[in-house]
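One is the number of the first residue; the rest follow in order along the sequence.
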Amino acid sequence: MTRKQLAAILPGPAPQPLPKGASAIEAAGFTAVLTPVPRHLGRGRKALLRHAQQRQELLEGMMPAGPVLPALSGAILAERDVPVMLQANAPLFTRLADTLRGRVQYQVQVSWDEAAAPARFGDPAGLDAVREGLSARIGDMLGLVSEEMVALPIRDAVIFNAALLVAENEIPALDQTVEAVDAIWTDGFSIRQIGPSPAVSFCSLGLRQVSSRAIQKARDRLGLSGDLDAEAIRSARRHALMSAKDDVRERVKTAADILEVLTACPEAEKGFHHAFVWWEGRAGPKTEERAAA
C-alpha cells in the first residue's frame, strides 16, 4: 500500500508537467496532487525550511490551472483511498473553489527603524503607543484593498505582519496602497510584499479518517439504517438535537455530517477521509465544515 502526502486539491486537471516526484489522481471533477511522504523533517531546521520552500513552489506552480486548495503538511493517505476522498468531499471542495476563484494571498510585513523612531515620532516613552497606532493605520489601509486579513507573528522591529486575501483585479490597488504605506516614513520603513500565492492562510485542508466503525456509531446515534437520504438525516438530526444534552450536541452534528457524505458517496460506507478547513489564527476547523472526530 503506497501512502502519499496530499499537496493540494484542484478543480479540473493538474497542469503538466508536474514536478519530479509529484503525481495526480482525478475523480469527481477534482484532482488530488500528491507528493512522497517526507522522511527528512526530523533532521533539523534547514531540512524543514527546504521542504517548506519546495512545497510552496509546487503550490505556486499549480496556480495557472485555477483555484488551488492547499493541504496542511501531514495530510497523508493511501493512493487507493484518494478517489473516494475526492468524491466524499466534492461538495466542500466545490464551495471552497468557488470562494477562492480569482483570489490570491499576499503577505505584507512592515518593519521600522526603532533607533530613529523617537526623532521621527516623539518621546521614546510613547513609542509603544506610536507602534500600535502605526500598525492599526497600516491595517486600516490594507483592509480597504483586501477581502480578508489575518495577523501573523510580530517580533523584533516588525510593527505589522499580515496575510491578505486579495481579488486579482485589486492587485494594482494593493501595490498602490503598499506605496502609500511606504510614504508614511520612506526612510524608516522596510516593507516585504510576498505573493501572489495560493490562500494557504485562509483555506488549508486537513484530513481526518472516518472508520466504518465510526460510520456505524453515527447511524446508531441518529437511529438510521439502510439507504440514506438528505431529508431523513436532517429530520433525525433535528430530533436528536431536541433531546440531546449540551455535551452531546456536537457529536450529533458530527454524526449528521458523516452520514451526509454517504448520500453522495455510498462507497464511503467502508470508511473515508473527511476534509476540514484550517486557517491562520483560528484554533480548529470551521464550524460549518466540521470534521469527523
Quiz item: Are the side chain of Asn169 and the backbone of Gly102 linked by a donor-acceptor contact shorter than 3.5 Å?
Solution: no
Quiz item: Is it true that a side-chain atom of Thr186 and a backbone atom of Asp182 form a donor plus acceptor pair closer than 3.5 Å?
Solution: yes
Self-check item: Same apolar cluster (I L V M F W Y, side chains within < 4.5 Å links), Ile76/Leu69
Solution: no
Practice problem: Answer yes or no: is there a side-chain heavy-atom contact under 4.5 Å between Asn161 and Arg155? | Solution: no
Quiz item: Under 4.5 Å between side-chain heavy atoms, hopping through other hydrophobics if needed: is there a path connecting Trp279 to Leu6?
Solution: yes
Exercise. Over all heavy atoms of both residues, which pair between Leu100 and Ala199 is shortest? Give the atoms and the distance, please.
Key: CD2-CB, 4.0 Å
Quiz item: For Arg120, does the CZ atom sit with more than 12 other heavy atoms under 6.0 Å from it, leaving out its own atoms?
Solution: yes
Self-check item: Reported CG-to-CZ distance for the pair Leu96 and Arg101, which is rounded to 0.5 angstrom
Solution: 11.5 Å
Quiz item: Atom CE in Met85, atom CG in Leu205: separation rounded to 0.5 Å?
Solution: 8.5 Å
Quiz prompt | For Arg219 against Leu262, the heavy-atom pair lying closest together | solution = NH2-CD1, 4.4 Å
Self-check item: Contact check, side chains of Val166 and Ser146, non-hydrogen atoms, under 4.5 Å
Solution: yes
Quiz item: Which atom pair, heavy atoms only, marks the closest approach of Met63 to Pro198?
Solution: SD-CD, 3.4 Å
Quiz item: With distance as the sole test, does Gln5 use its side chain to make a donor-acceptor pair with the main-chain N or O of Gly74 at under 3.5 Å?
Solution: yes
Please list, one pair per line, the donor and acceptor atoms closer than 3.5 Å that link side chains of residues 221-235 to other protein atoms, with sequence neighbours excluded.
| residue | atom | partner | partner atom | Å |
| --- | --- | --- | --- | --- |
| Asp229 | OD1 | Glu231 | N | 3.1 |
| Asp229 | OD1 | Ala232 | N | 2.8 |
| Glu231 | OE1 | Arg234 | NH2 | 3.1 |

Exercise. Search all heavy atoms of Val210 against all heavy atoms of Ala214 and return the closest pair with its distance.
Key: CG1-CB, 3.9 Å
Self-check item: Working for ring-ring contact (aromatic ring centres under 6.0 Å, His included), residues Phe272 and His274
Solution: CA-CA 6 Å; Phe272 66 99; His274 203 176; 5.5 Å; yes
Quiz prompt | Aromatic plane relationship, Trp185 with Trp112 - under 30° parallel, 30 to 60° tilted, over 60° perpendicular | solution = perpendicular
Quiz item: Quick one: does Thr99's side chain get under 4.5 Å of Cys203's, heavy atoms only?
Solution: no
Quiz prompt | Leu152 with Ile159, same ILVMFWY side-chain cluster at under 4.5 Å | solution = no
Quiz item: Among the clusters formed by ILVMFWY side chains lying less than 4.5 Å apart, do Ile191 and Leu134 turn up in the same one?
Solution: yes
Quiz item: Are Val82 and Val37 linked, directly or through other ILVMFWY residues, by side chains that come within less than 4.5 angstrom of each other?
Solution: no
Practice problem: Work out which heavy atom in Leu241 is nearest to a heavy atom in Arg249; give both atom names and the distance. | Solution: O-NH1, 2.9 Å
Quiz item: Under the side chain to side chain contact (heavy atoms under 4.5 Å, CB included) criterion, do Val277 and Leu92 qualify, and how do the steps go?
Solution: CA-CA 9 Å; Val277 182; Leu92 170 61; 4.2 Å; yes
Quiz item: Are any of the side-chain heavy atoms of Arg103 and Glu148 separated by less than 4.5 Å?
Solution: no
Quiz item: Going through the checks in order, is the side chain to side chain contact (heavy atoms under 4.5 Å, CB included) test met by Thr94 and Phe30?
Solution: CA-CA 9 Å; Thr94 298; Phe30 289 90; 3.4 Å; yes
Exercise. Please lay out, stage by stage, how Lys4 and Ile25 fare under the test side chain to side chain contact (heavy atoms under 4.5 Å, CB included).
Key: CA-CA 11 Å; Lys4 291 292 185 73; Ile25 297 177; over 6 Å; no
Practice problem: Linking directly or through intermediates, with side-chain heavy atoms under 4.5 Å: list the remaining ILVMFWY members grouped with Ile154, chain and number order. | Solution: Val158
Quiz item: Distance from Ile9 atom CD1 to Leu86 atom CG, nearest 0.5 Å?
Solution: 5.0 Å
Quiz item: Which distance, rounded to the nearest 0.5 Å, do you find between the CG of Leu165 and the CD of Glu147?
Solution: 5.5 Å
Quiz prompt | Ile194 side, atom CD1; Gln105 side, atom CD - distance, nearest 0.5 Å | solution = 10.0 Å
Quiz prompt | Partner of Gln56 by side chain to side chain donor-acceptor pair (under 3.5 Å), out of Gln54, Glu60, Gln53 | solution = Glu60
Quiz prompt | Close side-chain approach of Tyr106 to Pro196, heavy-atom, < 4.5 Å | solution = yes
Quiz item: Is any side-chain heavy atom of Pro64 less than 4.5 Å from a side-chain heavy atom of Pro15?
Solution: no
Self-check item: Distance (rounded to the nearest 0.5 Å) between Gln109 CD and Ser190 OG
Solution: 8.0 Å
Quiz item: What's the shortest heavy-atom distance between Leu10 and Met62, and which atoms?
Solution: CD1-SD, 3.9 Å
Practice problem: Carefully, step by step, assess Ile171 and Val104 under the rule side chain to side chain contact (heavy atoms under 4.5 Å, CB included). | Solution: CA-CA 9 Å; Ile171 292 175; Val104 293; 4.1 Å; yes
